[in-house]
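Below you'll find the structure, written out as structure tokens, and then a few comments.
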Amino acid sequence: MADTDHAPSYYAHSANASPERPALNESLEADVCIVGAGYTGLSAGIALAEAGMSVVVLERARVGWGASGRNGGQIVHSFSRDIDVIERSYGQAVAEPLARMMFEGAQVIRERVTKYKIDCDLKDGGIFAAISPGKAKGLVEQKELWERWGHPGLTLIDSPDEVRQWVNTDRYSALLIDPTGGHFHPLNLALGEAAALEHLGGRIFEHCEVVKIERGEPAVVRTAQGQVKARYVILACNAYIGGLEPALASKSMPCGTQMIATEPLGALADELIPSDHCVEDNNFLLDYFRLSADKRLIYGGGVVYGARDPKEVKSLIRPQMVKTFPQLRNVDIEFGWTGNFLLTLSRMPQVGTLSSNIYYSQGCSGHGITFTHLIGRVLAEALKGDATRFGAFACLPHHPFPGGRALRVPFTAIGALWYQMRDQLGV
């Protein structure tokens with residue numbers, strides 16, 4: 001597989017037809033140049049193009065090549081740290097404007113899918129699962145928290161018979177049902193958003209890595225064979241920023257997560273998840289799974305700090321799948337893949353500016369699907385002159401990892417062992 005090919009995932013196997021776009025080999029001018037054709041860049045590009053601004057997107061590989069085309073495909077609200085943690089860490093004045101946005105990303109996704117008729121198998125319904133009575137207390141607290149911030153319709157289920165009506169397993173002691181959650185084909189969402197942006201007049205170039213960004217007004221974004229002069233630049237690279245901007249890379253850490261997809265399960269699929277909702281547990285190192293449109297089980301989990309690709313993804317994730325669904329012990333796994341997300345020390349996204357006209361967003365910390373769609377809209381607001389909501393994120397501190405870049409991986413892995421032990425004990 002070439003470095004710029006999509007990962008050998010179920011998503012790439014079942015992706016909708018999409019043109020392969022050329023690299024940039026000329027000099028262009030635009031209102032906005034966006035680096036990265038994932039959800040952040042595409043969401044911002046659509047919002048800006050809808051406002052009449054000229055947009056050029058530069059992608060080193062393919063549209064949706066990174067986490068946007070490899071993730072679990074689950075609509076989950078809020079941020080990697082929920083609003084109660086934000087309030088304790090930064091105070092109510094910081095937490096309140098973020099809380100008003102914590103459910104908006106899902107709305108952006110649904111609006112785009114409807115408005116631009118994006119074929120991505122979007123389905124409603126999400127489930128949070130607890131593996132023990134101790135973990136179930138967390139679901140009670142989550143329900144109370146989200147309801148306090150105006151999110152109705154949540155249902156807590158804690159009887160074994162009822163649990164199995166939603167997820168047919170003995171592993172969980174309680175579930176929290178969120179009808180406004182959901183799931184979809186993530187690569188097809190990215191491809192559909194790219195087509196929407198182009199329909200609005202935006203231009204997307206693939207296979208063109210940005211090698212330098214020159215500050216100034218306009219800024220100049222250079223690739224190996226071309227350049228874009230732009231009034232504004234948005235860096236939307238997340239875990240794949242590489243060495244383009246060392247100041248951003250120094251306060252974040254790429255991490256890998258793994259996923260598998262079974263063979264089509266037919267009627268057995270409906271027995272496993274009768275609700276056809278997506279599911280994630282509330283462990284620190286969580287498992288997440290759902291059914292695809294063709295009735296496969298897509299199951300993910302695990303974290304590799306530092307984003308090293310495991311040699312055998314299937315053997316890492318199968319035991320967790322079988323622990324949840326023993327009835328799948330002999331089922332074939334047809335796809336296994338890995339992808340990177342960008343972790344921050346605070347587990348909160350890093351949003352800000354590198355100069356007066358160069359903006360960035362990164363570090364969703366494994367909770368990026370809804371946030372990337374929200375921040376795309378927020379970035380567009382800032383470029384159009386209203387930076388109020390942008391400032392609510394930009395004020396969050398960006399802490400370096402202990403030990404610096406050399407020791408961030410072992411220190412983080414050691415810290416995670418404590419939480420893994422708590423997961424195993426069910427507390």
Pairs meeting criterion side-chain hydrogen bond (donor to acceptor under 3.5 Å, both in side chains) with involvement of residues 37-48, two or more places apart: Ser43-Arg112

Salt-bridge contact [X]-[Y] (side-chain N to carboxylate O under 4.0 Å):
X      : Y      : answer
Glu198 : Arg21  : yes
Glu141 : Lys137 : no
Asp276 : Arg290 : no
Arg171 : Asp281 : no
Glu209 : Arg222 : no
Lys212 : Glu245 : no

Residue Glu26 excluded, over 12 heavy atoms near CD under 6.0 Å: yes

Is any side-chain heavy atom of [Y] closer than 4.5 Å to one of [X]?
X      : Y      : answer
Thr353 : Ile358 : no
Met259 : Tyr299 : no
Met101 : Val378 : yes
Phe335 : Ile260 : no

Shortest non-hydrogen contact from Ala15 toward Leu191: CB-CD1, 4.1 Å

Can you name the residues that form a side-chain contact (heavy atoms from CB on, under 4.5 Å) with [X], not counting sequence neighbours?
X      : value
Gln142 : Asp82, Phe128, Leu139, Trp146, Leu176
Pro97  : Arg100, Ala392
Glu334 : Glu263, Pro264, Arg296
Thr223 : Leu24, Leu58, Cys208, Val210

Derivation and outcome, side-chain contact (heavy atoms from CB on, under 4.5 Å), residues Ile204 and Leu197: CA-CA 9 Å; Ile204 301 173; Leu197 175 55; 4.1 Å; yes

Full working for side-chain contact (heavy atoms from CB on, under 4.5 Å) between Cys237 and Gln362: CA-CA 7 Å; Cys237 308; Gln362 65 173 24; over 6 Å; no

Chi angles and distances behind the side-chain hydrogen bond (donor to acceptor under 3.5 Å, both in side chains) call for Glu271, Asn168: CA-CA 7 Å; Glu271 296 176 16; Asn168 191 9; 5.5 Å; no

Evaluation steps, ring pair (Phe, Tyr, Trp, His ring centres under 6.0 Å), between Phe371 and Phe393: CA-CA 11 Å; Phe371 175 75; Phe393 288 104; 5.3 Å; yes

Ring-ring centroid check [X] [Y], cutoff 6.0 Å:
X      : Y      : answer
His367 : Phe79  : no
Tyr359 : Phe390 : yes
Phe289 : Phe325 : yes

Any donor-acceptor N or O pair under 3.5 Å, side chains Asp178, His151: yes

Polar side chain donor-acceptor pair, His207 to Glu20, under 3.5 angstrom: yes

Arg70 charged N/C atom sitting above Trp337 aromatic ring, 6.0 Å / 45°: no

Candidate pair His185 and Ser292, rule side-chain hydrogen bond (donor to acceptor under 3.5 Å, both in side chains), full reasoning: CA-CA 8 Å; His185 189 299; Ser292 66; over 6 Å; no

Non-neighbouring partners of Asp332 that pass salt bridge (charged side-chain N to carboxylate O under 4.0 Å, His left out), sequence neighbours left out: none

Geometric class of the His398/Tyr360 ring pair [parallel <30°, tilted 30-60°, perpendicular >60°]: perpendicular

Steps toward side-chain contact (heavy atoms from CB on, under 4.5 Å) verdict (Ile298, Tyr11): CA-CA 10 Å; Ile298 299 176; Tyr11 301 136; 3.8 Å; yes

Evaluation steps, side-chain contact (heavy atoms from CB on, under 4.5 Å), between Leu272 and Gln327: CA-CA 9 Å; Leu272 297 178; Gln327 55 269 56; 3.4 Å; yes

